[in-house]
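The first residue of the sequence shown is numbered 1, and numbering continues consecutively from there.
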Amino acid sequence: MSQLFGLVPAGQPVITTPTTIHSPTSFIYSIPPSPTPKPFSHIVVFLLPGITLPPGHAASIHLLTPPTNPQSNPEFDITFLGALGHGKASAIFKLSNDTSKGVGIGILIEPEAAVGIKMQQLSEKQSKALVPAGAGVGAAAGVGDGNNGAAGGTATTLQLAQRIIGNAFNFLSSYSGRTQNGEEVVPIKAFEQWWRKFEGRVRADPAFLERDV
C-alpha cells in the first residue's frame, strides 16, 4: 500500500500519493509551487484514516530542497522537521525555507529509537537558537560565573546545556514506564510537548536559563 500519509500545504489541495517510493518504508512527495503569489510556509502531515504504523516504529518527516552545494550533494538538501508516531497521527510543520519553486517532503518509517535521536538533536538545535545572544560570555549580570555559579558572571555554555537537559529530563521522566526490549521508551509526542512548554518559557523569560533554579 503506497497511500499511507496525507499532506496539506497551506492553501493547496491534499496530497496522498507519493511521487517516488524508494521502498515500502521510504516515500517522497513533490509539493508544487503555490498557486498564489505568496509561497506557503506551513504544511500538515497526517496518517490516512485506518492507517497505523508498525509497533515500535515512527515516521520521520524531512524537508527536501534544492542543494546548496550541488557538487557534494547533487540531489537535495535534507532538513528534519519532526515525526508522527503512536499517539500522534498528525502534525503541522513551519517551513523556513523558500517554497516558491516547490519543495519535497520525505517520509521514512523507522524504529522509534532512531526517530527519538533525531527529535533530541532537533530540540538541541532549536534550544541553541533560543539561547539569548551573548549567553555565557558576559551578557548578563548577577548570575553564576563559569566556574562555580557565584554572582557577578554568566552561565557557561556547559551550564546552559546541563540546565536544558535537566529541564527536559524532569519533564520527560513523567512519561517513563513504557518499555521496549527492556529499555524505557518515551513517546515522541512527549518530546514535542516538552519543547512547546520550554519554548514558551524561553520566549516569556529569555534569561531564566542563566539563573540557578
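- Taking CD1 of Ile21 as the start and CD of Gln3 as the end, the distance is 9.0 Å to the nearest 0.5 Å.
- Defined by atom type and a distance below 3.5 Å, a donor-acceptor pair is missing between the side-chain atoms of Glu110 and Thr25.
- Residues Phe27 and Thr19 are not in side-chain contact: their nearest non-hydrogen atoms beyond the backbone lie 4.5 Å or more apart.
- Expressed to the nearest 0.5 Å, how far CG of Leu122 lies from OG1 of Thr79 amounts to 10.0 Å.
- Distance alone, capped at 3.5 Å, places no donor-acceptor pair between the His86 side chain and the Thr52 backbone.
- Ile28 CD1 to His62 NE2: the interatomic distance, rounded to the nearest 0.5 Å, is 11.0 Å.
- Taking 4.5 Å as the limit, some side-chain heavy atom of Leu63 sits within range of a side-chain heavy atom of Val103.
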CA sep, side-chain torsions, deciding dist, call: Phe46, Ile51, side-chain contact (heavy atoms from CB on, under 4.5 Å): CA-CA 10 Å; Phe46 58 94; Ile51 298 298; over 6 Å; no
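- Of the possible donor and acceptor atoms, none in the side chain of Ser30 sits under 3.5 Å from a partner among the backbone N and O of Gly104.
- Rounded to the nearest 0.5 Å, atoms OH (Tyr29) and CG (Leu7) are 6.0 Å apart.
- The 12-atom threshold is not exceeded at CD1 of Ile92, counting heavy atoms of other residues, nucleotides or ligands nearer than 6.0 Å.
- Panel note: side chain Gln12, backbone Pro32; a donor-acceptor pair is recorded below 3.5 Å.
- In terms of modelled atom types and a separation under 3.5 Å, the side chain of Ser26 and the main chain of His22 share no donor-acceptor contact.
- Closest of all the heavy-atom pairs between Gly6 and Thr16 is CA-CG2, 4.3 Å.
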Could you go through the side-chain contact (heavy atoms from CB on, under 4.5 Å) check for Lys125 and Gln120 one step at a time? CA-CA 9 Å; Lys125 180 180 178 180; Gln120 181 179 3; over 6 Å; no
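- Summarising the geometry, atom CD1 belonging to Ile105 is positioned 9.0 Å from atom CD1 belonging to Ile15; distances are rounded to the nearest 0.5 Å.
- Side-chain atoms of Val45 and Phe93, non-hydrogen and from C-beta on, do get closer than 4.5 Å to each other.
- The shortest distance between side-chain heavy atoms of Phe80 and Gln121 does not fall below 4.5 Å.
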Given Val8 and Ile43, is the side-chain contact (heavy atoms from CB on, under 4.5 Å) satisfied, shown in steps? CA-CA 6 Å; Val8 184; Ile43 186 168; 5.8 Å; no
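- Side-chain contact between Ile78 and Leu64 is present, with heavy atoms from C-beta onward closer than 4.5 Å.
- Residues Leu4 and Leu108 do not share a hydrophobic cluster, clusters being chains of Ile/Leu/Val/Met/Phe/Trp/Tyr side chains in contact below 4.5 Å.
- When every heavy atom of Ile31 is checked against every heavy atom of Pro9, the shortest pair comes out as CG2-CG, 3.5 Å.
- Gly85 and Ala58 get closest at one heavy-atom pair: CA-CB, 4.3 Å.
- In the hydrophobic clustering of this structure, Leu81 does not group with Ile117; members are Ile, Leu, Val, Met, Phe, Trp, Tyr whose side-chain heavy atoms approach within less than 4.5 Å, directly or through other members.
- When all heavy atoms of Ser60 and Val115 are compared, the closest pair comes out as CB-CG2, 4.3 Å.
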Quick one: do Phe5 and Ile61 satisfy side-chain contact (heavy atoms from CB on, under 4.5 Å)? Show the steps, please. CA-CA 11 Å; Phe5 303 93; Ile61 316 299; 5.5 Å; no
